[in-house]
Every structure is written in structure tokens, then in C-alpha cells.
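These notes are about the structure you will find just below.
Both backbone and side-chain heavy atoms feed into the values below; hydrogens, waters and symmetry mates do not. Naming: A, B, ... by sequence-line order, numbering from 1 per chain.
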Number of protein chains: 2
Amino acid sequence: MKPPSEKPRGKRKDQPAYPPLAPHEVELTDFFVRMGAILGVQRSVAEIYSLLYASPKALDFDHIQGRLDMSQGSVSQGLKFLRDHGMILSIKEKGTKRERWEPTPSLAASLVNILRSQVLPTLEKSKPSLQKVLDSASARSADPEVIERIARLQRWNSRAVELSALLLPPPVDE
Amino acid sequence: MKPPSEKPRGKRKDQPAYPPLAPHEVELTDFFVRMGAILGVQRSVAEIYSLLYASPKALDFDHIQGRLDMSQGSVSQGLKFLRDHGMILSIKEKGTKRERWEPTPSLAASLVNILRSQVLPTLEKSKPSLQKVLDSASARSADPEVIERIARLQRWNSRAVELSALLLPPPVDE
DNA sequence: CGCAATCTTCATTAAAAATTGAACTTAGGC
DNA sequence: GCCTAAGTTCAATTTTTAATGAAGATTGCG
């Protein structure tokens, strides 16, 4: 009964009306959202990436905000995440203040960046903890089977760190 | 100032008092919780697994509940998850009603099980969606670059499904 | 069978995570 | 150098996810 009077998110003045997502765009967004969930990437970030991915030309801040009907804060944070992980590039035409964004050519490289930032720190942080646990177990003369389990865990962790560092070399920029 | 009067979780009658986790147990739990977070496994599940992992003998329901000071519901659901993913085994001594639990020997196999159950379904579900998006793009004569991007996504997805199915073959049990 | 003891289910509650929006900072044009 | 458009930050709010616990189902033993 109520007319679908959507309340648009806080816009800047003089902003054009942006159309809502078309069905095929929604479907692609769902895909990116699902994949993002596996990687621990939040919905709004996946939505922004999807929009840029399906767009033939680079889009600016207001365009993204308008089409996704999303707050300024979320757009800003989302673009920051995507930038920080090398997933989007800024197209800066001279004579214009606004930045415009497009996905980086290599999605594979982008995924690697996300994995590195999420997984590697965790693995590395675990190294000293496991060492401590193992030392403590030895000191207490814990059950040999338990000691062996923890030692195995530690070897695993070390190898995972090495392997990840190999597979996910840090970027050379900066 | 307040005395540390812990309220123990709803226990069964006649339950012994279980001691809280020792520092080394807490440290190991933190490790499993962090690793679990990467894989999307909830805290309570990681806690239970950690406790079993560091225990020289199999533990029963009440023991787990008592030492972790956790609700019956969480213990039940946690054990279900661990069982369903082949991460723990039941030691059933005859002449006793209670089941007792210990970790399965292969943590590697357990991890594979988790990955299969979390990642593969998502990849598979995406196949038809991507096909639809691609068809739609072709039908609309969308920008060639965009069509190429989506086609690439689809090839990726297909290969990921094949690869995962290969690396993560379904278990033969049941 | 029947009756506990043991475990499961699921609606409710609590905790954690993501999003919003308004105040604030920064950067360019004039 | 000011002024304004553009973007950022973060406390407050909303949404999502996990944990609780009481009622219900199951199981095995007498």
C-alpha cells in the first residue's frame, strides 16, 4: 500500500538520480558477495567491486554511492579496502578533481593480496605461542602423545608460514 | 572489588567442579580460535577442539562443559560440528552410556573436510549464476571488455570447482 | 515397558560485526 | 591564502551471528 518511496542515502547537493541495479547486476553482486564471504570480505566491499567489475568505464565516488544506495562512509571505507589490497586503480584525468575507479586487470593478484593480508599475519603470530605451549608441555612432562601433537602443530605452522611467504610474496611497491 | 563469584553454566546434578583452563591451555585455545576464524569456524567449536587436542585421554560431555564453562547447547552443537566434519572420534566403552571424545589422528584430513563443506558448495552454486550473467551480457551486446571479464570469471570458477573436487574428494564413509 | 540420565533443538538473548551519517580534514581552483 | 567540493573518520545504530537454557527427544538399563 505504501508507495515505494525509497529514502536515498545522504547525498551531496545536485546529485543526479542513479538507477537501481539491474537483475544481471544483482546476480553478479551475489556472486561476489558469496566469494567475499569465504575470504572474510564484507558485503559492501563486494558490492562496490562488483559494480566496478561490470562497468565498462571507471566510476566516481558519487556514482558508486548513488547506484548502490550506500552511505558515504561505507563507500569511503570500501574504496580504501579495495585500494589497500590492490584491487582497484584510480584513473585521474587532469583538469578534474574527482577520482574515478576501475578494477585492476588481475583478479588473481587481488585475491593473493587479500589472502596475504588475512592469513599470513595469523600464521606468523602463532609461531611464538605454539613454541610457548610446547615448552610448557615439555616442562610439565605432559603426556608424550599430547607433546607429539603439539610438536606436529608447530611443524605445520612453520611450514605454512614458509609456504605462504613463498606463494604470496609481498608487493614491491611503496 | 567484587569477589570473582563465577556463575557456573547450568550443570547437571552431581557434577564435580572442573578447574578453569591453565595458561598453556588458554594459549593453545587462542591459536585454534584464530585458525578457526580464518576458516569460518566459530569460537566455541575451536575451544572444544583445543581442549580435546590437548587432552591425553578422551573427554565426555560434562567434562567439556565444565572445563569450558559453556552451555549444554553449545557443547552439543560444537560436538555435532566436529563430528560432522570428521574432526573427532567417539570412544565408546561398553558397559557405559556416555560417549567420550578425542581428536581424529589426522588434522590435515579434518581441515580438508572443513574446506570442502564451506568452499565447494559456494563455488558450485555460482556456476549457473555466472552463466546467466554471461548470457545476459551477450544478449545486451554489453561492452566487449566487460563480457571478457565475466567470461574469465566463469572459466576461473569452473576450474576452481574441478580442482577442488580433485583435491577434496568426498569421504567414502556412510 | 518405564524411568532416568544423556543429549538435541530452537526460540530468545547476548555479543560481535557492519553500516550509517554528521562532524571533521584535505586538496584544488580561483 | 580563502572557500568549497571531495573524501575521511568514528561514535552511535542497525544488522548479523553466536551462545544460552529450558523444553523436548532418545537411549539403554532394570
* What does R83(B) touch in the nucleic acid at a heavy-atom separation under 4.0 angstrom: a base, only the sugar-phosphate, or nothing? -> sugar-phosphate
* **Selection from dT20(D), dT9(C), dC7(C) that lies nearest to any side-chain heavy atom of K80(B)** => dT9(C)
* Distance-only polar pair, side chains of S110(B) and H85(B), donor-acceptor under 3.5 Å -> no
* Side chains of R100(B) and H63(B), donor plus acceptor under 3.5 Å -> no
* Asked: Expressed in angstrom and rounded to an integer, what is the separation of L79(A) atom CG from dT19(C) atom P?
  -> 13 Å
* **Distance in angstrom units between E99(A) CD and dA5(D) C1', rounded** => 14 Å
* Under 3.5 Å: donor-acceptor pair, side chain of S74(A), backbone of M70(A) -> no
* Count the heavy atoms of every other residue, nucleotide or ligand shown that sit under 6.0 Å from CZ of R67(A), and state whether that count exceeds 12. => yes
* **Nearest listed nucleotide, side chain of S76(B), among dT19(C), dT9(D), dT9(C)** => dT9(C)
* Return the value, rounded to whole Å, for the distance between atom CG of D84(A) and atom P of dT9(D). => 10 Å
* To do: Starting at atom CG of D62(A), determine the distance to atom P of dA5(D), rounded to an integer number of angstrom.
  => 12 Å
* Asked: Between atom CG in D69(B) and atom C1' in dG21(D), what is the gap in whole Å?
  -> 13 Å
* To do: Check whether the side chain of Q77(B) and the base of dC7(C) form a donor-acceptor pair under 3.5 Å.
  => no
* **Cluster link V133(A) to V33(B), ILVMFWY, side chain under 4.5 Å** => no
* Partners of F32(A) by ring-ring contact (aromatic ring centres under 6.0 Å, His included), sequence neighbours excluded? -> Y49(A), Y53(A)
* Asked: Please give, in whole Å, the distance from dG21(D) P to Q72(B) CD?
  -> 10 Å
* Structure fact -> Taken to the nearest whole Å, NZ/K92(B) to P/dT26(D) is 16 Å
* Worked check of side-chain hydrogen bond (donor to acceptor under 3.5 Å, both in side chains) between Q72(A) and Q65(A) -> CA-CA 7 Å; Q72(A) 282 194 40; Q65(A) 188 195 352; 4.8 Å; no
* Identify, residue by residue, the members of residues 25-44 of chain B with a heavy atom below 4.0 Å from DNA chain C, and return them in order of residue number, or none. => none
* For the side chain of S71(A), starting at C-beta, report the closest nucleotide among dT20(C), dG7(D), dC7(C). => dT20(C)
* For the side chain of R98(B), starting at C-beta, report the closest nucleotide among dT6(C), dT20(C), dG7(D). => dT6(C)
* To do: Give the rounded distance in Å between these two atoms: CD1 of I48(B) and C1' of dC7(C).
  => 13 Å
